[in-house]
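Read through the structure below, which is laid out as structure tokens, and then see the notes.
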Amino acid sequence: MLLIAGGIGVLAVVVSILLGPKKPSASKLMPYESGNDPEGTGRERFPVHFYLVAMLFIVFDIETAFFYPLAVAYQNVGAFAFWEMVTFVILVLVGYFYILKKGVLEWN
């Protein structure tokens with residue numbers, strides 16, 4: 001299985017090298033949906049607050065996926081599931097208050 005997975009990864013890289021764009025042209029450098037002209041080299045670093053918000057969103061999104069099975073089987077798991085959900089919501093709110101205090105959501 002490991003060899004198959006590695007082979008698929010290597011195959012994807014080889015195909016992208018063979019079929020990928022070779023030379024930039026005016027049509028390849030056109031802006032996409034935003035309507036803004038491309039500027040810079042694309043090598044600028046994202047601000048750190050972008051990563052904080054992204055990680056907090058991912059944690060919230062993944063844990064929310066676990067809320068549905070708990071809600072379906074709530075009668076079988078009882079109060080433990082309820083307090084686990086309450087604890088999670090409190091922890092996520094602590095994270096949001098932290099990034100609010102740091103000024104991460106101010107995008108100016």
Side-chain angles (χ1 to χ4, degrees):
M1 282 298 231
L2 188 59
L3 290 175
I4 293 172
I8 291 173
V10 170
L11 180 67
V13 171
V14 169
V15 168
S16 69
I17 289 171
L18 294 176
L19 299 178
K22 303 292 186 256
K23 299 176 189 173
S25 64
S27 62
K28 291 179 185 175
L29 296 177
M30 285 177 44
Y32 291 93
E33 294 89 5
S34 66
N36 296 327
D37 292 328
E39 57 185 51
T41 62
R43 301 280 184 208
E44 294 89 15
R45 296 179 63 168
F46 281 112
V48 174
H49 64 265
F50 170 80
Y51 296 108
L52 289 173
V53 174
M55 285 188 291
L56 192 59
F57 174 76
I58 289 170
V59 167
F60 176 74
D61 195 35
I62 290 172
E63 188 69 27
T64 304
F66 290 109
F67 279 173
Y68 181 75
L70 282 174
V72 169
Y74 181 71
Q75 292 177 349
N76 296 336
V77 291
F80 174 75
F82 172 75
W83 289 112
E84 190 275 333
M85 286 189 228
V86 169
T87 303
F88 167 72
V89 170
I90 290 171
L91 288 175
V92 169
L93 288 176
V94 167
Y96 277 122
F97 286 134
Y98 173 77
I99 65 173
L100 281 172
K101 182 181 174 187
K102 290 290 186 182
V104 170
L105 298 177
E106 297 171 7
W107 297 98
N108 296 334

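If you read the sequence from its start, that first residue is 1, and numbering goes on from there. In this text, all values refer to a predicted model and were calculated from it rather than measured experimentally.
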**Item:** Same cluster (ILVMFWY, side-chain, under 4.5 Å), Leu19 and Leu11
**Value:** yes
**Request:** Could you check Asp61, Leu56, Ile62 and say which one makes a side chain to side chain contact (heavy atoms under 4.5 Å, CB included) with Ile58?
**Result:** Ile62
**Asked** Other than Ile8, what residues sit in its cluster of Ile, Leu, Val, Met, Phe, Trp and Tyr side chains whose heavy atoms are under 4.5 Å apart, directly or through others?
**Response** Ile4
**Message:** Could you list the cluster mates of Leu2? Members are the ILVMFWY residues connected by side-chain heavy atoms closer than 4.5 Å, either directly or through other members.
**Reply:** none
**Item:** Identified side chain to side chain contact (heavy atoms under 4.5 Å, CB included) counterpart of Leu93 within the set Leu91, Val89, Ile90
**Value:** Val89
**Item:** Contacts of type ring-ring contact (aromatic ring centres under 6.0 Å, His included), residue Phe88, not counting sequence neighbours
**Value:** Phe67
**Item:** side chain to side chain contact (heavy atoms under 4.5 Å, CB included) assessment of Val94 paired with Phe97
**Value:** CA-CA 5 Å; Val94 167; Phe97 286 134; 5.6 Å; no
**Asked** How many angstroms lie between CG in Leu100 and OH in Tyr96, if you round to the nearest 0.5 Å?
**Response** 9.5 Å
